[in-house]
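Lettering of chains follows the sequences in order, A, B, ..., and the numbering in each one begins at 1.
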2 protein chains.
Amino acid sequence: MTDNPRGRRSDATRTAILEAARERFAADGYDRATIRAIARDADIDPSMVMRYYGNKEGLFAAAVAVDLGLPGLSGLPRDTVGPAVAEHFLDLWEGNEVLTALVRVGAASQAGAERIQGIFREQLLPVARRICPDPEQVPARAALVASQLLGLALTRYVLRIPPAVDLTREEIVAWLGPTLQRYLTAPNP
Amino acid sequence: MTDNPRGRRSDATRTAILEAARERFAADGYDRATIRAIARDADIDPSMVMRYYGNKEGLFAAAVAVDLGLPGLSGLPRDTVGPAVAEHFLDLWEGNEVLTALVRVGAASQAGAERIQGIFREQLLPVARRICPDPEQVPARAALVASQLLGLALTRYVLRIPPAVDLTREEIVAWLGPTLQRYLTAPNP
DNA sequence: ACTGTTGGTCAACGCTTGTTGGCAACATAG
DNA sequence: CTATGTTGCCAACAAGCGTTGACCAACAGT
């Protein structure tokens with residue numbers, strides 16, 4: 001029994017499945033990303049997906065386990081955090097397809113929406129708590145930040161509205177930076 | 001032959017189908033909103049949907065024919081257009097489910113995404129052209145406006161992130177108004 | 001009263017989906 | 001070398017889907 005947790009013989013297959021799943025979920029959304037298509041991309045049999053991840057929901061859960069890596073931002077000077085957040089998320093979106101998949105599936109299914117709610121609650125809220133001045137306003141301000149960040153992701157990476165795709169990295173930081181800065185630290189309007 | 005364009009005997013059925021379709025598309029997205037479920041909601045047979053709208057794509061196209069009613073905004077004073085846009089879109093989102101359905105389906109399928117691109121191009125861009133100072137910057141600025149508006153819709157009406165749902169109308173106008181104003185009329189940063 | 005058109009139902013089609021269980025090949029432990 | 005657990009493929013299942021065509025009932029025009 002090769003029970004050794006590190007280095008199972010099937011690890012290559014497992015990660016191939018996850019990679020293919022991320023690509024398909026990002027490109028096609030939850031319903032159209034079929035297990036058969038994912039298995040074909042990973043060059044294995046559909047039944048292997050079921051064996052390793054139980055069912056389609058389990059596969060999705062495993063494929064979009066995401067860490068935003070936000071805590072690193074809380075050490076920054078408070079008055080330049082807006083542009084820093086914009087840059088950080090640009091890196092995340094362009095680095096891999098997990099977040100695109102997440103938005104696509106979140107818009108398509110209740111389970112996906114709940115997963116995004118969880119990420120918001122457990123990863124964005126705590127950081128906002130350490131940046132915002134008024135503790136009572138933290139949820140509202142974090143929600144505004146999320147709306148602008150997810151909105152850019154939606155128009156640029158999911159809907160692919162041409163002018164949103166054509167925005168350069170510098171333009172995005174220059175425009176969104178002050179917006180996020182205001183949502184996080186400006187006095188209540 | 002009751003060829004009379006106004007007042008066909010089947011008009012009640014047709015609109016019942018469209019209403020049910022909008023609800024289902026908004027609640028479930030394109031793939032999970034089945035023709036059978038829509039027909040059940042409208043209390044008719046699935047085959048009627050096919051007869052009246054050809055196929056599922058045709059039904060979707062008919063269900064989300066949307067007019068943003070933006071031209072009315074171009075007569076406003078240029079320095080208060082931001083909050084006015086925010087209020088206008090709040091009315092639209094809360095008035096009916098067409099836009100929610102549109103975002104859900106846009107995120108799920110290529111056809112839906114193209115439809116949103118079309119609305120952006122034909123309804124948002126022309127109005128932005130009459131508000132923005134620099135004609136060359138119009139597409140980028142309109143894309144930024146769309147990102148914030150669609151982002152709020154996504155977090156509030158589709159993902160239903162609790163703090164985004166809890167925002168009051170006044171809070172939204174007070175926070176988004178200046179953002180949209182800046183995207184539309186502020187000098188290039 | 002006859003006839004053609006329209007509104008609507010019913011049952012079925014072909015297809016794809018997620019999911020399951022059986023079976024062969026292989027690696028490893030004793 | 002044998003026994004055991006792991007990896008993988010194959011074929012099949014039941015369910016649900018969009019879609020179709022045959023059929024009946026009510027109506028309108030003449």
Worksheet entry | E136(A), CD atom: more than 12 neighbouring heavy atoms under 6.0 Å | no
Response to the item:
Taken to the nearest whole Å, CZ/F60(B) to C1'/dG18(D) is 17 Å
Worksheet item: Is the number of heavy atoms from other residues, nucleotides or ligands under 6.0 Å of E114(B) CD greater than 12?
Response: yes
Discussion item. Measuring to OP1 and OP2 of dG8(D), would you say a side-chain N or O of T13(A) lies under 4.0 angstrom away?
Written reply: yes
Practice prompt. Taking atom types as modelled, find out whether T185(A) and R78(A) have a side-chain donor-acceptor pair closer than 3.5 angstrom.
Written response: no
Discussion item. Using a 6.0 Å distance limit plus a 45 degree cone around the ring axis, check whether R141(B) lies over the aromatic ring of Y183(B).
Written reply: no
Fill in: Salt bridge flag under 4.0 Å for residues D166(B) and R160(B)
no
Discussion item. In whole Å, I'd like the distance from the CE atom of M50(B) to the P atom of dG18(D).
Written reply: 9 Å
Worksheet entry | Enclosure of R129(A) CZ (heavy-atom neighbours >12, cutoff 6.0 Å) | yes
Discussion item. From the set dT19(C), dC17(D), dG18(C), return the single nucleotide nearest to any side-chain atom of T34(A).
Written reply: dG18(C)
Worksheet entry | Residues K56(B) and D31(B) bridged, charged N to O under 4.0 Å | no
Practice prompt. Round to a whole Å and report the spacing from CZ of R51(B) to C1' of dT19(D).
Written response: 13 Å
Worksheet item: Given atom CD1 of I17(B) and atom P of dG7(C), what is their separation to the nearest angstrom?
Response: 11 Å
Worksheet item: Once you round it to whole Å, what is the distance between P of dC15(C) and CZ of R36(B)?
Response: 16 Å
Worksheet, complete the sentence: In numerical order, the residues of residues 41-48 of chain B whose heavy atoms come under 4.0 Å of DNA chain C are I44(B), D45(B), S47(B), M48(B)
Worksheet item: Please give, in whole Å, the distance from dG18(C) P to I38(A) CD1?
Response: 8 Å
Worksheet item: With no hydrogens and no angle check, do the side chains of T34(A) and R24(A) hold a donor and an acceptor under 3.5 Å apart?
Response: no
Fill in: R32(A) CZ - dT17(C) P separation (whole Å)
11 Å
Worksheet entry | d(CZ, R40(A); P, dC9(D)) in whole Å | 14 Å
Worksheet item: Going by number, which of residues 23-31 of chain A have a non-hydrogen atom under 4.0 Å from DNA chain D?
Response: none
Discussion item. Under 3.5 Å, is there a donor on one side chain and an acceptor on the other for Y157(A) and E94(A)?
Written reply: yes
